[in-house]
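Treat the numbers as computed from the prediction; the structure is a model and nothing was measured.
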Amino acid sequence: MAKTQTFKHRFERFSDSKTKFKLTDFKVFENKHILLIDDVITTGATLVACCNELLKVKNITISIATIAYTKKG
């Protein structure tokens, strides 16, 4: 069973997710508009890691949709 990232600090989450996304065929995404959906944005580390990989593609547009986000007080 995968461990939740809910209680990890931002650095830990980014370190965990930065190598999880790797495009193998950049041409598939060229000239596309990609919608990333995340149920809850906690630190944003997962979305940042995914976007960093997608931004290697020529002429890509990325949008993000979420239902909720956490706010530190």
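For the pair Ile62 and Leu55, the minimum side-chain heavy-atom distance is below 4.5 Å.
The closest donor-acceptor contact from the side chain of Thr61 to the backbone of His33 lies at 3.5 Å or more, if one exists at all.
Linking ILVMFWY residues whenever their side-chain heavy atoms come closer than 4.5 Å, directly or via other members, places Leu36 and Val28 in the same cluster.
Rounding to the nearest 0.5 Å places OG1 of Thr46 at 6.5 Å from CG of Asp38. Note that the CG atom of Leu23 and the SG atom of Cys50 stand 8.0 Å from one another [nearest 0.5 Å]. Taking CD of Glu30 as the start and CD1 of Ile60 as the end, the distance is 9.5 Å to the nearest 0.5 Å.
Counting non-hydrogen atoms of other residues, nucleotides and ligands closer than 6.0 Å to CD1 of Ile67 gives a total of 12 or fewer.
When every heavy atom of Phe26 is checked against every heavy atom of Val57, the shortest pair comes out as CD2-CG2, 3.5 Å. Contact detail for Glu53 and Lys22: the closest heavy-atom pair is OE2-CA, 3.5 Å. Taking each heavy atom of Thr66 and Asp39 in turn, the nearest pair found is OG1-O, 3.2 Å.
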